[in-house]
Amino acid sequence: MPGYLLWWALGAVVLVVVLGAAWGLARRGERRHTRHRLPTRPRHAPDAPRPRAAVIVNPTKFEDPQAVRDRVRAVCAQLGWADPIWQETTIADPGTGQAERAAQAGAEVVCALGGDGTVRAVARGLVGTTTPLGLLPGGTGNLLARNLDVPVDSVEHALAVALTGRERLVDVGRVLVDRSGEDHAPRPEMFLVMAGMGFDAAVMANAPEHLKAQMGTGAYVVSGLQNMLGPQFKVRVRVDDQPEFTRRTKTVLIGNCGRLFGGVALIPSAAVDDGILDTVLLSPKGVVGWAAVATHVITRRSRGHRLIDYVSGERVALHADRPEQVQLDGDTLGQARALTAWVDRRALRVRVPAQSS
């Protein structure tokens, strides 16, 4: 969820009216775009076994998980599928083990029903297998689904895509997170949307839990206000075999996808299956600097800006002059001095709408 949190923080401080109106228009456009009828039930031979899906659900995202389960079962029955395998995530296992077991049990598709963190955990259990991932909206961001044109306003419509859509091979971002900056037991991780170091990760790490429960994305506005005027940090950047360069910056985002909440494109050149990671460094100073960055992002200008650096490659290494917060697809990992990310090309199968690009 890094992109939409950054978008909200910027909009709340410097362009709240303009960005709010643009977001509203974009969301209305998304709702019009994703209002699909469920497909009719496919014809199966009377004695043919019905296919079966698995749904890995984060129960904390729903007030009544049983009601959601009933809706999922109804769609499966309508489309001629068997009752789905239903497994809930836990603190000890946020979805990876459940996905592995579901794939081994022969599920035709394994669906993640939760936020971006749940999607990442479930995907980790499916990377490198022939079992596709289905994306069901259960969070606020749903950023991978947005980048793949999967409906995000209806569990039923998204489930229909998971059951009847086509498969698309997408890239996975691999990353080593080094807390010490000295290559002491770096932590291997993966991401599907974005990895971030600096401001965007700090916004997510510092958003109070009670405010998130009461205000939703508004909690990130509060956290953004608290963090936006803090000091920059110095980071060394190396992309592939290109010469290393240094910047003083507020945040670094490494994108496997580029489209954010409300259709805003933070990294216009990013594509989820191009074998490339697109990195952006945002280096504003003060409110005026944030306003310039926000305007550049929202107007979708294709050229760079003196406060924004875009670099692309198969591998990117970051080394900060001090520990900074790190996040992967909205999950905060704590502070680290260095991280290295690279592409695992087309390593994950995802169900997308049959007519999508």
Side-chain angles (χ1 to χ4, degrees), residues 30-59 61-62 64-89 95-115 118-119 121-123 125-139 142 144-170 192 272 346 348-357:
E30 283 180 352
R31 285 193 290 269
R32 287 194 299 269
H33 179 69
T34 58
R35 283 175 181 166
H36 305 297
R37 292 182 178 180
L38 292 179
T40 57
R41 178 173 178 166
R43 295 181 178 179
H44 298 292
D47 57 346
R50 292 188 297 167
R52 194 178 191 193
V55 178
I56 314 300
V57 60
N58 181 346
K61 296 292 184 179
F62 303 95
D64 189 351
Q66 183 58 48
V68 178
R69 183 177 185 177
D70 291 342
R71 290 160 56 195
V72 167
R73 294 174 67 184
V75 172
C76 288
Q78 180 178 342
L79 297 180
W81 285 57
D83 232 21
I85 300 169
W86 185 269
Q87 297 188 53
E88 294 187 351
T89 64
T96 302
Q98 296 91 329
E100 291 174 345
R101 291 190 293 273
Q104 292 167 1
E108 298 281 344
V109 59
V110 178
C111 301
L113 178 51
T118 302
V119 171
V122 172
L126 301 178
V127 167
T129 75
T130 58
T131 304
L133 170 69
L135 301 170
L136 308 184
N142 304 303
L144 183 62
R146 294 178 192 276
N147 278 271
L148 294 174
D149 297 321
V150 174
V152 297
D153 59 351
S154 167
V155 170
E156 288 83 355
H157 291 155
L159 180 57
V161 169
L163 302 185
T164 67
R166 66 180 179 88
E167 291 183 15
R168 181 174 176 183
L169 289 170
V170 303
L192 300 172
V272 74
R346 301 191 176 188
L348 177 67
R349 298 172 184 269
V350 183
R351 287 281 174 86
V352 300
Q355 303 303 319
S356 66
S357 59

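None of the values given here were measured: they were computed from a predicted structure. Keep in mind that the numbers below use all heavy atoms, side chains included, and drop hydrogens, waters and symmetry copies. Along the sequence shown, residues are numbered consecutively beginning with 1.
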Handout entry: Val161 and Leu163: CA distance, side-chain angles, deciding distance, side-chain contact (heavy atoms from CB on, under 4.5 Å) verdict
Key = CA-CA 5 Å; Val161 169; Leu163 302 185; over 6 Å; no
Problem - Name of the residue among Val122, Val57, Ile56, Ile85 meeting side-chain contact (heavy atoms from CB on, under 4.5 Å) with Gln98 - result: Ile56
Practice task
Search all heavy atoms of Glu88 against all heavy atoms of Pro59 and return the closest pair with its distance.
Solution key: OE1-CG, 3.7 Å
Exercise for the section: Nearest 0.5 Å please: distance from the CZ atom of Arg351 over to the OG1 atom of Thr164. Expected result: 8.5 Å
Practice task
Flag yes if more than 12 heavy atoms outside Arg73 fall under 6.0 Å of its CZ atom; otherwise flag no.
Solution key: no
Handout entry: Pairwise distance CG(Leu159) to CD(Gln78) - rounded to 0.5 angstrom
Key = 10.0 Å
Handout entry: Any donor-acceptor N/O pair, Thr118 side chain to Asn58 backbone, under 3.5 Å
Key = no
Completion exercise
Heavy atoms of Val110 and Ala102 approach each other most closely as CG2-CB, 4.0 Å
Handout entry: Gap separating the CD atom of Gln104 from the OG1 atom of Thr131, nearest 0.5 angstrom
Key = 9.5 Å
Problem - Side-chain heavy atoms of Leu169 within contact of Leu348, under 4.5 Å - result: no
Fill in the blank from the handout: Taking every heavy atom of Arg166 against every heavy atom of Pro353, the minimum-distance pair comes out as NE-O, 3.7 Å
Problem - From CZ (Arg168) to CG (Leu148), nearest 0.5 Å - result: 5.5 Å
Handout entry: Pairwise distance CZ(Arg146) to CG(Leu135) - rounded to 0.5 angstrom
Key = 12.0 Å
Fill in the blank from the handout: Here the gap from Arg71 atom CZ to Cys76 atom SG, rounded to the nearest 0.5 Å, amounts to 12.5 Å
Exercise for the section: Might you work through the side-chain contact (heavy atoms from CB on, under 4.5 Å) test for Val272 and Asn147, ending with a clear yes or no? Expected result: CA-CA 8 Å; Val272 74; Asn147 278 271; 5.6 Å; no
Fill in the blank from the handout: Between Ala107 and Ala53, the two heavy atoms sitting closest are CB-C, 4.4 Å
Problem - Asn142 (side chain) donor-acceptor with Ala145 (main chain) under 3.5 angstrom - result: no
Problem - Closest non-hydrogen atom pair between Ala103 and Leu126, with its separation - result: CB-CD2, 4.1 Å
Problem - Heavy-atom check, side chain of Glu108 versus side chain of Trp81, under 4.5 Å - result: yes
Handout entry: Steps toward side-chain contact (heavy atoms from CB on, under 4.5 Å) verdict (Val150, Leu136)
Key = CA-CA 9 Å; Val150 174; Leu136 308 184; over 6 Å; no
Exercise for the section: Looking only at non-hydrogen atoms, find the nearest pair between Val109 and Gly134 and report the distance. Expected result: CG2-N, 3.8 Å
